[in-house]
Amino acid sequence: MRLELLWHIVSVEARRRMTYRADFWIGSVAGIVVKFAVAAFIVGAIFRESGAGRIGGFTYQEMLLYYVTVVLMGLFVQTSEREQSVSQEIYEGGLTRHLLYPVSYGTMKYAQQIAAAVPALIQATLLTVWVPWAVGIPEGLTWGSAARGLAALAAANMLHFLLTYPVQLVAFWADNVWSLLVMHRFASALLGGMLVPLALFPEGARRVLELLPFRYLYAFPVEAFLGRVPPRDWAAGMVLSAAWCGVFTLIGRAVWRRGMLEYTGVGI
Amino acid sequence: MIRYLRLYGYFLRFSFSRAMEFRLDFFFRIVMDAVWYVVQFSFFWVLYRHTALLGGWTFDQVMVFMGGVFVVDALHMTVFSNNMWWFPIYVNKGDLDYHLVRPVSPLFVMSVRDFAANSFVNLLMAVAVLTWTLARYPAPLGAGPVAVYVVSLLVGTFLYYVLHMLFLIPAFWMHTSHGLREIYFVLGETMTRPVGIFTGWVRSVLVSILPFGVIVSFPAKSLFEGASPGPLLHMAAVTAAAFLAMVGMWRWGLRSYVSASS
């Protein structure tokens with residue numbers, strides 16, 4: 001796929017997403033603020049009621065920084081999570097027109113997901129401005145850790161797409177895959193470190209979670225960004241993340257091939 | 001009243017026959033809620049490994065509280081949620097007209113017409129989870145307080161529905177309530193956490209102006225803290241106030257309804 005064409009898809013999609021501005025800002029900004037506020041109150045309650053100075057290797061301020069970063073970085077990972085455009089197009093027969101385009105369907109959908117990161121970038125930039133005053137600056141944050149965190153975030157965005165793509169393709173067989181996507185969201189929030197830092201899990205569970213793909217969606221980019229992952233471990237994590245991307249690419253392709261045999265192209 | 005009950009009976013019949021058309025979805029939804037229950041319990045289990053109390057409650061108390069959250073959520077999903085989804089679309093497309101000319105309250109029809117039969121099994125599952133959390137509670141709770149807890153959870157469900165409507169009715173003026181709906185769902189998260197974790201003005205807001213912190217926390221508080229009727233009286237007052245506000249806004253909204261698609 002030509003880079004020019006990819007950029008065109010991203011540009012058109014980004015403009016489409018900014019169409020309903022008031023609605024977009026009301027929902028998303030309030031969502032981010034409330035999510036962080038709930039997390040902050042939970043953190044406050046745990047530290048207050050346990051009387052501990054450190055929990056799972058985090059001080060109170062470090063854990064707040066973890067949550068604010070995971071909420072903001074999560075915007076780039078889950079960009080188009082709730083839209084289910086793939087399953088919708090299969091269900092309604094809209095996929096047919098894509099089959100005629102000279103672009104691979106999966107690549108086109110991924111380009112749309114990248115476009116969805118544009119509004120997220122604006123939100124995150126505006127919301128990040130108050131972080132140093134409200135929560136402070138992470139001690140471990142350096143230019144190097146920021147670069148490693150952002151690279152891990154780009155991988156997380158792709159991994160998220162590749163993880164949900166085969167789930168959406170289940171629409172070739174099922175009438176409604178919304179519940180499957182919600183299940184994925186619940187599971188990845190807990191197992192990926194969005195709900196609670198993985199350092200708070202018991203040792204045995206943590207070792208298993210480090211091998212699963214979910215960690216590379218949220219916890220890994222955040223920890224790398226905050227300077228909590230040494231460069232060597234970061235490199236190992238990126239390899240594992242890339243391996244999971246490979247696995248889910250293969251699964252996506254296999255499901256797509258099987259699904260195309262079922263597809264009638266008329267909608268249901 | 002009998003006319004409304006008979007009408008609701010028809011709604012139930014249509015909803016069950018429609019749900020049977022999507023059997024796989026029926027199954028997926030059951031698994032989805034089971035995953036949500038496991039995730040929520042695991043979340044608190046992980047937190048309680050580092051503290052004995054959270055919001056003033058022990059792990060066993062939070063389990064009972066979460067059982068209540070699941071029941072309220074499942075009831076809302078079963079009775080109201082589908083209707084809430086369609087309401088702004090009806091307003092936006094002008095389809096509300098059909099309901100305004102019928103000889104029954106449009107607010108009643110808009111709120112309960114679509115009974116989510118596919119969520120009904122989840123409701124049974126949520127009741128089973130609540131029963132289990134009550135049964136494993138280490139101290140005797142007593143039949144009376146448990147009955148009061150269950151009844152106040154029903155009131156909490158009604159309050160949850162009223163709040164949902166209050167966030168959707170602005171569709172009469174805004175033509176889309178997508179943003180407000182997002183806020184409602186995010187604020188709904190505060191219902192799933194013990195109100196005791198919140199402090200200061202945020203807590204005051206969550207038990208008065210945006211009473212998400214009342215829905216399950218107050219019934220649970222009343223169950224654990226015994227005879228004091230304070231939390232339940234507060235809950236009743238907040239629910240009545242929210243209901244009056246909803247009816248007032250609904251009437252005001254209907255006067256602004258232009259019956260045109262946009």
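Heavy atoms only: backbone and side chains are in, while hydrogens, waters and symmetry mates are out. Each chain gets a letter, A, B and so on, in the order the sequences are listed, and its residues count up from 1.
- Contacts with chain B were tallied for A/W173, A/F47, A/W178; A/W178 has the most, counting heavy-atom pairs under 4.5 Å.
- For CH2 of B/W252, the number of neighbouring non-hydrogen atoms (other residues, nucleotides, ligands) closer than 6.0 Å is 12 at most.
- Only the side chain of B/R193 comes within contact range of chain A, with at least one heavy atom under 4.5 Å from a heavy atom of that chain.
- In this structure, A/F201 and B/R49 approach most closely via the heavy-atom pair C-NH1, 3.8 Å.
- With contacts defined as side-chain heavy-atom distances shorter than 4.5 Å, the pair A/I42/B/F43 qualifies.
- Taking a 6.0 Å sphere around CZ of A/F186, one finds it holds more than 12 heavy atoms contributed by other residues, nucleotides or ligands.
- Note that the CZ atom of A/R48 and the CG atom of B/L54 stand 9.0 Å from one another [nearest 0.5 Å].
- The two residues B/G55 and A/A45 have their closest heavy-atom pair at N-CB, 4.5 Å.
- If you take CG on A/L195 and CD on B/Q40, they are separated by 7.0 Å, rounding to the nearest 0.5 Å.
- In terms of heavy-atom pairs under 4.5 angstrom with chain B, the leader among A/I55, A/V38, A/V182, A/L180 is A/L180.
- Side chains of A/L200 and B/H50 form a contact here, defined as non-hydrogen atoms less than 4.5 Å apart.
- For the options B/V202, B/L47, B/T199, heavy-atom pairs under 4.5 Å to chain A are most numerous at B/T199.
- Distance check, rounded to the nearest 0.5 Å: CD of A/E49 to OH of B/Y48 gives 7.5 Å.
- Once rounded to the nearest 0.5 Å, the distance linking CE of A/M183 with CG of B/D33 reads 9.0 Å.
- For the atom pair CZ of A/F41 and CZ of B/R203, the computed distance is 10.5 Å after rounding to the nearest 0.5 Å.
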